[in-house]
Protein chains: 2
Amino acid sequence: MAKISEPTVRRLSHYYRVLDEVAGEGQRTISSRILAEREGITSAQVRKDLSYFGSFGRRGLGYNVEHLRTEVRRILGLDRRWRVGVVGAGHIGSALLAYRGFGDQGFDVVAVFDTSAARVGHRLGEQVIRDMATLSEADALEMGVIATPMRAAQEVADALVAAGVRGILNFAPRKLRVPREVALRTVDMTMEFESLSFALSQARTPRRRRTAE
Amino acid sequence: MAKISEPTVRRLSHYYRVLDEVAGEGQRTISSRILAEREGITSAQVRKDLSYFGSFGRRGLGYNVEHLRTEVRRILGLDRRWRVGVVGAGHIGSALLAYRGFGDQGFDVVAVFDTSAARVGHRLGEQVIRDMATLSEADALEMGVIATPMRAAQEVADALVAAGVRGILNFAPRKLRVPREVALRTVDMTMEFESLSFALSQARTPRRRRTAE
DNA sequence: TTTTGTGAACGTGTTCACAGCG
DNA sequence: CGCTGTGAACACGTTCACAAAA
């Protein structure tokens, strides 16, 4: 299969969520135009995204909601369960554990780690917090979440890779080095705030349209 | 000024962080090549990004760390403080309040809201949680953070816009409608997990290289 | 000689527009 | 006639490569 771009994958996630909603509303079929409207993108984009994976629609009719939902689910790899380990039992780690939505989508947090002796041994959700040093291949983790302070992040990433995870979701505001075969996604809230700050700063000089250039 | 792309703004955030580190190490100057290496991008990209805003370097020498840091700080709008309101005093809201890093960068959480009577009146960090209904223009908020369940997100966004915010950071996994002049950034953790799931699913059939196409 | 700043070339993702089917 | 699937055109972001400056 041709390489799929990251924006396409992100849109597939959105389509999947819209299809869930639409299925709940009892709709049997949906057109690319309607799927696009809910998304704020063009219908051509929807059709192009889906065309990378096959022909799921019927000309003149649109897409069967239930069928497309099943296909997108399979494409995204949500037709199975994933073993996830969370490192860092602070605020972000706790927030992740508390959110039921991930379990519903097939992501099972099967282990939680921390280095603080004060936290190890306590429960967090359904898990008992374990010392980071006990993380090993035996946990058979497939994904790891880094919810530690910035300075520990690279070390934790290395430990996760050594333990055999193939995907990492990083919440620490730092670029991490991982082997090419390990997928890495970073959620950097500081960067999001700074992006907003930039946008708001640019938006000043609000009367430019009325003055000469 | 020409329109600046979102990837450029995100990289500026990174440059700013690297410049902080490098300043701490006592370096006086830094070349685009070194700035790029810390980032994992090309030096041409660094120079191009900076060139949108001016000429900050000296040929043959590189950039003065302290000077460039000041300029990037100004470009990102971090040479002032921003009044931020957080809506939703659950796990994500609490995590944000607990993280000191935002305050250090100029983002002051000056109000926290929730709709739950059980939470209103309690402290969260330095703030007393207020009823959502008391959110008004009088708060003079410039940015709002949506840390509520998905179903409340659009309603909260409308209230924030009515209260005069010009930027919104949304943690609810839903596309929101806001006026064009309001900047919106969404952090969708479900989408990040699904993106990892997709990447790991694609990575299967690991022996493809040894078989005929 | 080193390194910036930048037009040109390139590559990638989005949109157009229409043939092809239902 | 309606809507999909898709090559072609387009837009935009990245990289190249080199003149200019220190």
Side-chain angles (χ1 to χ4, degrees), chain A residues 1-15 18-19 22 27-69 71-72 75 175 191 195 198-199 202, chain B residues 1-15 18-19 22 27-69 71-72 75 175 191 195 198-199 202:
Chain A
M1 191 194 302
K3 205 176 109 273
I4 304 300
S5 76
E6 189 59 25
T8 292
V9 177
R10 301 175 70 82
R11 285 191 297 269
L12 284 173
S13 285
H14 263 130
Y15 303 153
V18 171
L19 289 167
V22 168
Q27 287 287 333
R28 298 286 292 262
T29 62
I30 188 168
S31 68
S32 59
R33 190 171 58 79
I34 303 292
L35 253 177
E37 267 171 22
R38 295 230 185 188
E39 266 307 292
I41 56 178
T42 68
S43 62
Q45 183 72 78
V46 173
R47 295 196 298 277
K48 184 70 95 178
D49 285 340
L50 296 175
S51 77
Y52 296 136
F53 302 97
S55 298
F56 306 122
R58 293 218 201 151
R59 295 172 196 234
L61 293 174
Y63 302 88
N64 176 287
V65 171
E66 211 41 67
H67 175 235
L68 186 58
R69 202 174 87 92
E71 291 288 349
V72 173
I75 291 165
K175 269 268 161 67
M191 187 174 290
S195 167
F198 174 81
Q202 295 301 104
Chain B
M1 188 195 303
K3 204 178 110 274
I4 305 299
S5 73
E6 188 59 26
T8 292
V9 177
R10 300 176 71 82
R11 284 192 297 268
L12 284 173
S13 284
H14 263 129
Y15 303 153
V18 172
L19 289 167
V22 168
Q27 288 287 333
R28 298 288 291 263
T29 62
I30 188 168
S31 68
S32 58
R33 190 171 58 78
I34 304 291
L35 253 176
E37 268 171 20
R38 294 230 188 188
E39 265 308 291
I41 57 178
T42 68
S43 63
Q45 182 74 78
V46 173
R47 296 196 299 276
K48 183 69 95 176
D49 285 339
L50 296 175
S51 77
Y52 296 136
F53 302 96
S55 296
F56 305 121
R58 294 221 199 148
R59 296 171 195 234
L61 293 174
Y63 302 87
N64 176 287
V65 172
E66 210 42 64
H67 175 235
L68 186 58
R69 201 175 87 93
E71 291 288 351
V72 174
I75 291 165
K175 268 269 159 71
M191 188 174 290
S195 165
F198 175 82
Q202 295 300 104

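Just so you know, these numbers use all the heavy atoms, side chains as well, and skip hydrogens, waters and symmetry mates. Note on naming: letters A, B, ... go to the chains in the order of the sequence lines (proteins, then strands), and numbering restarts at 1 for each one.
Whole-Å rounding puts the B:Ile30 CD1 to C:dT2 C1' distance at 16 Å. Note: OH (A:Tyr63) to C1' (C:dG22) measures 14 Å, nearest angstrom. Between A:Asn64 atom CG and C:dG22 atom P there is a gap of 16 Å when expressed in whole angstrom units. Nucleotide C:dG5 holds its P atom 12 Å from the CG atom of B:Asp49, rounded to whole Å. Per the geometry, CD belonging to A:Glu39 stands 13 Å off P belonging to C:dT14, to the nearest Å. Rounded to whole angstrom, the span from the CG atom of B:Leu50 across to the P atom of C:dT6 amounts to 11 Å. Note: CZ (B:Arg28) to P (C:dT3) measures 18 Å, nearest angstrom. A straight line from NZ of A:Lys48 to C1' of C:dT15 spans 9 Å, rounded to a whole angstrom.
The CD1 atom of A:Ile41 lies 7.0 Å from the NZ atom of B:Lys175; values are rounded to the nearest 0.5 Å. Put simply, CZ on A:Arg11 and CE on B:Met191 are 10.5 Å apart, with the number rounded to the nearest 0.5 Å. Between A:Asp49 atom CG and A:Arg10 atom CZ the span is 13.0 Å, to the nearest 0.5 Å. Distance check, rounded to the nearest 0.5 Å: CZ of A:Arg47 to OH of A:Tyr63 gives 6.5 Å. Here the CZ atom belonging to B:Arg38 is positioned 12.5 Å from the NE2 atom belonging to B:His14, to the nearest 0.5 angstrom.
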Expected rows: protein N/O vs nucleotides 17-19 of chain C N/O, under 3.5 Å:
from, atom 1, to, atom 2, distance (Å)
C:dA17, N6, A:Arg47, NH2, 3.3

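Between B:Val22 and B:Ile34, every side-chain heavy-atom pair lies at or beyond the 4.5 Å cut-off.
Residue B:Ser32 is classed as a sugar-phosphate contact, given heavy-atom separations below 4.0 Å to backbone atoms only.
The span of DNA chain D lying next to chain B, judged by atoms under 4.0 Å from heavy atoms, is bounded 5' to 3' by D:dG13 to D:dA22.
With sequence neighbours left out, B:Lys48 forms a side chain to side chain donor-acceptor pair (under 3.5 Å) with no residue at all.
With DNA chain C read from its 5' end, the first of the two nearest nucleotides for A:Pro7 and A:Arg58 is the one closest to A:Pro7. Between A:Arg33 and B:Arg11, the residue whose closest nucleotide on DNA chain D is further toward the 5' end is A:Arg33. Where B:Gly60 and A:Gly62 meet DNA chain D, the nucleotide closest to each residue was compared, and A:Gly62 sits on the side nearer the 5' end.
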- Message: Test side chain to side chain contact (heavy atoms under 4.5 Å, CB included) on B:Thr29 and B:Leu61; report intermediate values, then the result.
- Response: CA-CA 8 Å; B:Thr29 62; B:Leu61 293 174; 5.7 Å; no

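The minimum heavy-atom distance between A:Leu50 and A:Phe56, with the atom names listed, is O-CE1, 3.6 Å.
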